[in-house]
Amino acid sequence: MKHNPCTFKFFALFFLLIISSFSLKAQDGKKDLYELRVYHIANLKQGEVTENYLEKAFIPAAHRAGVKNVGVFKPLPSEPDAGKKIYVFLPFSDSKDYFRFQRKIKSDPKHQEEGKTFIHAAFDNPSFSRIETSLMQAFETRPRMALPKLSSPKSERVYELRSYESATERLYHQKVKMFNEGEIDIFDELNFNGIFYGEPLAGANMPNLVYLTAFENMEDRDAHWATFSDYPAWLALKANSEYDNTVSKNDKRLLRPTSYSDF
């Protein structure tokens with residue numbers, strides 16, 4: 001059977017147009033792209049080296065590269081991973097901004113110099129154990145991150161990072177819909193200080209959604225959740241059978257910002 005070369009050219013061009021259209025839509029800057037890094041720390045020395053790097057080299061370099069509002073958090077002493085992890089949150093306006101940042105930070109001589117102890121650690125004396133990373137796109141109804149409105153000192157604040165895992169992709173999309181069509185609005189009404197709501201594009205526990213809220217202190221956090229559990233709008237929303245069985249696992253982490261975190 002003989003194939004018409006014009007047909008191949010037509011489909012090739014059609015395919016390229018589709019890819020280009022998708023790329024432009026993905027990078028049009030309408031929704032944030034978030035990176036959440038988790039540095040796994042094996043001992044006290046690694047924690048000191050990593051924190052010194054983040055404070056003195058990484059965050060200043062991120063600011064020079066145009067990335068504002070870098071969050072750095074550590075688990076509360078009561079958490080099972082206390083002293084074992086450091087969480088770093090990076091917001092980008094789109095995917096182009098994300099890849100631009102990667103290039104800039106690698107080529108920043110000041111970053112290389114100020115972070116040399118961390119960057120050039122010996123193979124048998126590493127600065128950290130592992131780095132866990134997830135990339136997320138912002139929710140449709142919350143396309144940009146928001147800084148929390150808190151008055152307490154950072155040493156008292158409680159940030160709550162939650163991941164809601166779903167058994168299937170269909171149920172995951174239903175849970176995202178539940179957030180977009182009411183749950184986020186309830187958080188806003190109750191002043192939960194929602195910083196970001198993200199849909200992971202790459203990560204360890206997909207399908208899942210991730211969000212971060214902030215409170216003045218632990219008492220404030222507990223009071224907010226007590227109000228939420230009996231809030232009429234929430235009771236009505238969760239009674240909708242459309243959202244049954246959408247969460248198979250609720251993984252939460254209580255964190256505190258470091259003194260050098262941007263928020």
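Quick caveat: nothing in here was measured; it's all calculated off a predicted structure.
Residues L76 and M218 are in side-chain contact: their nearest non-hydrogen atoms beyond the backbone lie under 4.5 Å apart. Looking at K238 and Y243, their side chains never come closer than 4.5 Å, going by heavy atoms from C-beta outward. With a 4.5 Å cut-off on side-chain heavy atoms, I86 and V72 count as touching. Looking at T50 and I41, their side chains come closer than 4.5 Å, going by heavy atoms from C-beta outward. Here the side chains of N69 and L147 are in contact, with some heavy-atom distance below 4.5 Å. Proximity of E55 to T258: side-chain heavy atoms (C-beta onward) are nowhere separated by under 4.5 Å. Considering only heavy atoms from C-beta on, D251 stays 4.5 Å or farther from N205 through its side chain. Using a 4.5 Å heavy-atom threshold, the side chains of V67 and P91 count as touching.
Hydrophobic cluster membership for F123: none, as no Ile, Leu, Val, Met, Phe, Trp or Tyr side chain comes under 4.5 Å of it.
In the model, Y164 has a side-chain atom that pairs as donor or acceptor with a side-chain atom of R162 under 3.5 Å. Y172 and E199 are linked by a side-chain donor-acceptor pair at a separation below 3.5 angstrom, with hydrogens and angles left out of the test. Using modelled atom types, one finds no donor on one side chain facing an acceptor on the other under 3.5 Å when comparing Y34 with Q137. Residues S163 and N208 have side chains that bring a donor and an acceptor to within less than 3.5 angstrom of each other. When only modelled atom types and interatomic distance are considered, T141 and N180 share a side-chain donor-acceptor pair under 3.5 Å.
With ring centers used as reference points, Y211 lies 6.0 Å or more from F196. For F73 and F263, the ring centers sit closer than 6.0 Å to each other. For H224 and F215, the distance between ring centers is under 6.0 angstrom.
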**OP:** Start with the C-alpha gap between Y39 and Q46, add the side-chain angles, then the distance that decides, and say whether side-chain hydrogen bond (donor to acceptor under 3.5 Å, both in side chains) holds.
**Re:** CA-CA 10 Å; Y39 289 87; Q46 283 190 347; over 6 Å; no
Subject >> Step-by-step side-chain contact (heavy atoms from CB on, under 4.5 Å) determination, D94 to L33 >> reply: CA-CA 5 Å; D94 54 32; L33 180 72; 5.9 Å; no
**OP:** Please assess V158 against L255 for the test side-chain contact (heavy atoms from CB on, under 4.5 Å), listing each intermediate value before the final yes or no.
**Re:** CA-CA 6 Å; V158 173; L255 311 172; over 6 Å; no
**OP:** Check step by step if side-chain contact (heavy atoms from CB on, under 4.5 Å) holds for L254 and R221.
**Re:** CA-CA 10 Å; L254 298 179; R221 180 260 177 196; 3.9 Å; yes
Original post:
Stepwise, does the side-chain contact (heavy atoms from CB on, under 4.5 Å) test hold for S152 with N217?
Top reply: CA-CA 8 Å; S152 60; N217 47 49; 5.6 Å; no
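In this structure, F179 is a member of the same hydrophobic cluster as L237, with clusters built from ILVMFWY side-chain heavy atoms closer than 4.5 Å. I186 and M178 fall within a single hydrophobic cluster, where Ile, Leu, Val, Met, Phe, Trp and Tyr side chains are chained together by heavy-atom contacts under 4.5 Å. Residues Y87 and Y260 are members of separate hydrophobic clusters, defined by side-chain heavy-atom contacts under 4.5 angstrom among Ile, Leu, Val, Met, Phe, Trp and Tyr. Linking Ile, Leu, Val, Met, Phe, Trp and Tyr whenever their side-chain heavy atoms come within less than 4.5 Å leaves L190 and L150 in two separate clusters. Put simply, F89 and V210 are part of the same group of oily side chains (I, L, V, M, F, W, Y) that touch within less than 4.5 Å, one to the next.
No more than 12 heavy-atom neighbours from other residues, nucleotides or ligands sit within 6.0 angstrom of NZ on K74. For Q102, the CD atom counts as densely surrounded, since its 6.0 Å shell holds more than 12 non-hydrogen atoms of other residues, nucleotides or ligands. Counting non-hydrogen atoms of neighbouring residues, nucleotides and ligands closer than 6.0 angstrom, the CG atom of N245 reaches no more than 12 such neighbours.
The shortest heavy-atom contact between P143 and K30 is CB-O, 3.2 Å. Nearest heavy-atom pair across F101 and A65 is CD1-CB, 3.8 Å. The two residues S248 and S166 come nearest to each other via the heavy atoms OG-C, 3.5 Å. Across all non-hydrogen atoms, the minimal contact from T133 to R37 is OG1-CG, 4.0 Å. Residue P148 comes nearest to Y159 through the heavy atom pair CG-OH, 3.6 Å, listed as atom of the first residue, atom of the second, then distance. Of all the heavy atoms in S93 and R144, the pair that sits closest is O-NH1, 3.2 Å.
A donor-acceptor pair under 3.5 Å links the side-chain atoms of R256 to the main chain of S155, judged by distance alone. When atom types are taken as modelled, the side chain of H111 and the backbone of I105 share a donor-acceptor pair closer than 3.5 angstrom.
Between R142 and D185, at least one side-chain nitrogen of the basic residue sits less than 4.0 Å from a carboxylate oxygen of the acidic one, meeting the salt-bridge criterion. The pair K175-E183 counts as a salt bridge, with a side-chain nitrogen and a carboxylate oxygen less than 4.0 angstrom apart. Salt bridge K252/E160: absent, no basic N to carboxylate O contact under 4.0 Å. Between K116 and E113, at least one side-chain nitrogen of the basic residue sits less than 4.0 Å from a carboxylate oxygen of the acidic one, meeting the salt-bridge criterion. K84 and D81 are not joined by a salt bridge, as no carboxylate oxygen comes within less than 4.0 angstrom of a charged side-chain nitrogen. For the pair R64 and D108, the salt-bridge criterion is met [side-chain N within less than 4.0 Å of a carboxylate O]. Under a 4.0 Å N-O distance rule, the pair K177/E242 qualifies as a salt bridge.
Taking the six-membered ring where tryptophan is involved, the planes of F118 and Y53 are essentially parallel, since the angle between them stays under 30° and well short of 60°. Using bins of under 30°, 30° to 60° and over 60° for the plane-to-plane angle, the ring pair F192/F228 lands in the perpendicular bin.
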